[in-house]
Protein chains: 2
Amino acid sequence: MDETGFATHDHSGCIEAGLARAGRICAAAGARLTPLRRQVLEILLAEHRALGAYEVLEHLRQNGHPAQPPVAYRALDFLVRHGLAHRIERLNAFVACSHSGRDHAPVFLICRACGAVAEAGWQPGAGQIGAAARAHGFRVEAVVAEALGTCPNCRAAAP
Amino acid sequence: MDETGFATHDHSGCIEAGLARAGRICAAAGARLTPLRRQVLEILLAEHRALGAYEVLEHLRQNGHPAQPPVAYRALDFLVRHGLAHRIERLNAFVACSHSGRDHAPVFLICRACGAVAEAGWQPGAGQIGAAARAHGFRVEAVVAEALGTCPNCRAAAP
DNA sequence: TGATAAAGGGTTATATTATAACATATCAAG
DNA sequence: CTTGATATGTTATAATATAACCCTTTATCA
């Protein structure tokens, strides 16, 4: 499975697959997926929404880890650097990556009602941001693309 | 002038035009462009970059206004609600709007080197975010679209 | 006009998000 | 084993943002 979207699915398999994929990516990159980093990724994978760093910290503490803020931020930073998680700017929060490829440019669909975050791929350089950049002579190095709205599940529940 | 981009231009005229436009928009909307709000807008217009709320606050204080944080945040919130300024999520900062129309969906080009922010219009619903939303059955209500990179001036200066 | 509701602004305190700085521990390479 | 690099633990604090309260100004209308 490359992308989960808002569809319901087997979540335990989803977590296992995410952890396995993370192991492969880190091995290939020569990066160390330590128990702490793995645990933070597991926390993110267990939700289908973005978690704030202090929420992650709370989960760590509930797991018996007496962590201080830098512990969460450093692990999250590692995951983001290696493409295993993404930062959602609009929410000051982090979400597990649900795409396989490295170096993808994601666009996020964030549900206001339930907090779920779907991740879709896109072509940086193509489309309207690319056109605007070319028109201004601007060289794009990173893109933040986040849409807020309502997911189909929540519209079905409260239309 | 509808858009400034990264081109150099007459800045005093730029500020005056922005304030005049703000006056028209507020009059049309029945909103009050009070001296404080006008002053904050003027501070934003005087730079071509995004300013943090505390930077705005610092400018207010230098102008003799003994302001506390809520003063800046409330004025910025007003400007954003009325489309006179935009919040740049990636920077936790605010920039004066450089487009005429109300209810436009902006995309921002943010230069890493000089901090300048250019604003381009776009068609929400069209393009790749719209396509991703349709594919997921997601209803988009607001979009954050921000590109980080280098502007032509900075690439010319340090290629 | 004067009462009154609604909006704006002043101020204090505090919540939330994020990082600097330094000590200790663990790992990988020679 | 030792050494350099990476990771983690810990304290303190910086940076961003808002709650809550009070008073003033503005708009509305009997």
Side-chain angles (χ1 to χ4, degrees), chain A residues 22-23 25-44 49-61 63-82 84-95 110 115 144 146, chain B residues 22-23 26-44 49-61 63-82 84-95 115 144 146:
Chain A
I25 288 175
C26 288
R32 290 163 57 193
L33 186 62
T34 63
L36 174 62
R37 290 163 173 175
R38 187 184 175 85
Q39 192 180 354
V40 169
L41 177 59
E42 194 166 353
I43 288 166
L44 290 182
R49 58 189 193 88
L51 293 180
Y54 281 73
E55 287 182 283
V56 170
L57 195 55
E58 193 51 44
H59 280 273
L60 281 174
R61 286 170 173 164
N63 294 357
H65 192 300
Q68 295 301 312
V71 170
Y73 279 101
R74 286 192 289 229
L76 289 167
D77 182 62
F78 172 88
L79 296 174
V80 169
R81 281 199 324 269
H82 290 84
L84 303 173
H86 301 288
R87 180 180 167 85
I88 308 292
E89 296 293 339
R90 176 67 185 245
L91 304 178
N92 292 334
F94 301 84
V95 68
I110 307 163
V144 175
E146 301 168 0
Chain B
C26 288
R32 289 164 56 194
L33 186 62
T34 62
L36 174 62
R37 291 165 172 174
R38 187 184 175 85
Q39 192 180 353
V40 169
L41 178 58
E42 193 166 355
I43 288 165
L44 290 183
R49 58 190 193 89
L51 293 181
Y54 281 75
E55 286 181 284
V56 169
L57 196 55
E58 193 51 46
H59 280 273
L60 281 176
R61 287 171 173 162
N63 294 356
H65 192 301
Q68 295 301 313
V71 170
Y73 279 102
R74 286 192 288 229
L76 289 166
D77 182 61
F78 171 89
L79 296 174
V80 169
R81 281 199 324 269
H82 290 85
L84 303 173
H86 300 288
R87 179 180 167 87
I88 308 292
E89 296 293 338
R90 176 66 186 244
L91 304 178
N92 292 335
F94 301 84
V95 68
V144 175
E146 301 168 2

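Chain A is the first sequence line, chain B the second, and so forth, proteins listed ahead of strands; every chain is numbered from 1.
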| note | The residue, A:Tyr54 or B:Pro66, whose nearest nucleotide of DNA chain C is more 5′ is B:Pro66

| task | For A:Ala93, enumerate each residue passing the side-chain contact (heavy atoms from CB on, under 4.5 Å) test, keeping only those at least two apart in sequence or located in another chain. | result | A:Ala50, A:Leu91

| Looking at CG of A:Leu76 and CG of A:Leu41, how far apart are the two atoms once the value is rounded to the nearest 0.5 Å? | 10.0 Å

| Counterpart residues, side chain to side chain donor-acceptor pair (under 3.5 Å), relative to A:Glu89 (two or more places apart) | A:Arg87

| request: Could you name each residue pair satisfying side chain to side chain donor-acceptor pair (under 3.5 Å) that touches residues 66-75 of chain B, not counting sequence neighbours? | output: none

| note | Within residues 33-44 of chain B, the residues having a heavy atom closer than 4.0 Å to DNA chain C are B:Thr34, B:Leu36, B:Arg37

| request: Please list, chain by chain and in numerical order, all residues satisfying side-chain contact (heavy atoms from CB on, under 4.5 Å) with A:Asp77, sequence neighbours excluded. | output: A:Arg81

| request: Give the first and the last nucleotide of DNA chain D, reading 5' to 3', that has any atom under 4.0 Å from a heavy atom of chain B. | output: D:dT16 to D:dT26

| Partners meeting ring pair (Phe, Tyr, Trp, His ring centres under 6.0 Å) with B:Phe78 (sequence neighbours left out) | B:His82

| task | Supply the atom-to-atom distance A:His59 NE2 to A:Glu42 CD, rounded to the nearest 0.5 angstrom. | result | 12.0 Å

| task | Tell me which of B:Asn92 and A:Ala31 sits closer to the 5' end of DNA chain D, going by the nucleotide each one is nearest to. | result | A:Ala31

| task | Quick one: closest heavy-atom pair of B:Ala72 and B:Leu57, and the distance? | result | CB-CD1, 4.0 Å

Review item, side-chain donor-acceptor pairs of residues 29-37 of chain A, under 3.5 Å, at least two apart:
| unit_1 | atom_1 | unit_2 | atom_2 | d |
| --- | --- | --- | --- | --- |
| A:Thr34 | OG1 | A:Arg37 | N | 3.4 |
| A:Arg37 | NH1 | A:Arg32 | O | 2.8 |

| message | Show the nearest heavy-atom pair for residues B:Val40 and B:Ala75, with the distance to one decimal. | response | CG2-CB, 3.7 Å

| note | Heavy-atom nearest nucleotide on DNA chain D taken for B:Arg32 and for B:Ala93; more 5' hit belongs to B:Ala93

| query | Is any side-chain heavy atom of B:Leu84 less than 4.5 Å from a side-chain heavy atom of B:Leu44? | reply | no

| request: Provide the start and end nucleotides, 5' to 3', of the part of DNA chain C that has atoms under 4.0 Å from heavy atoms of chain A. | output: C:dT17 to C:dC27

| task | Note down the inter-axis angle between the two ends of the helix from C:dT1-D:dA30 to C:dG30-D:dC1, five pairs each, to the nearest 10°. | result | 30°

| Can you name the salt bridge (Lys or Arg N to Asp or Glu O under 4.0 Å) partners of B:Arg49, sequence neighbours left out? | B:Glu47, B:Glu55

| query | Roughly how far apart are B:Ile43 CD1 and B:Arg38 CZ, rounded to 0.5 Å? | reply | 13.0 Å

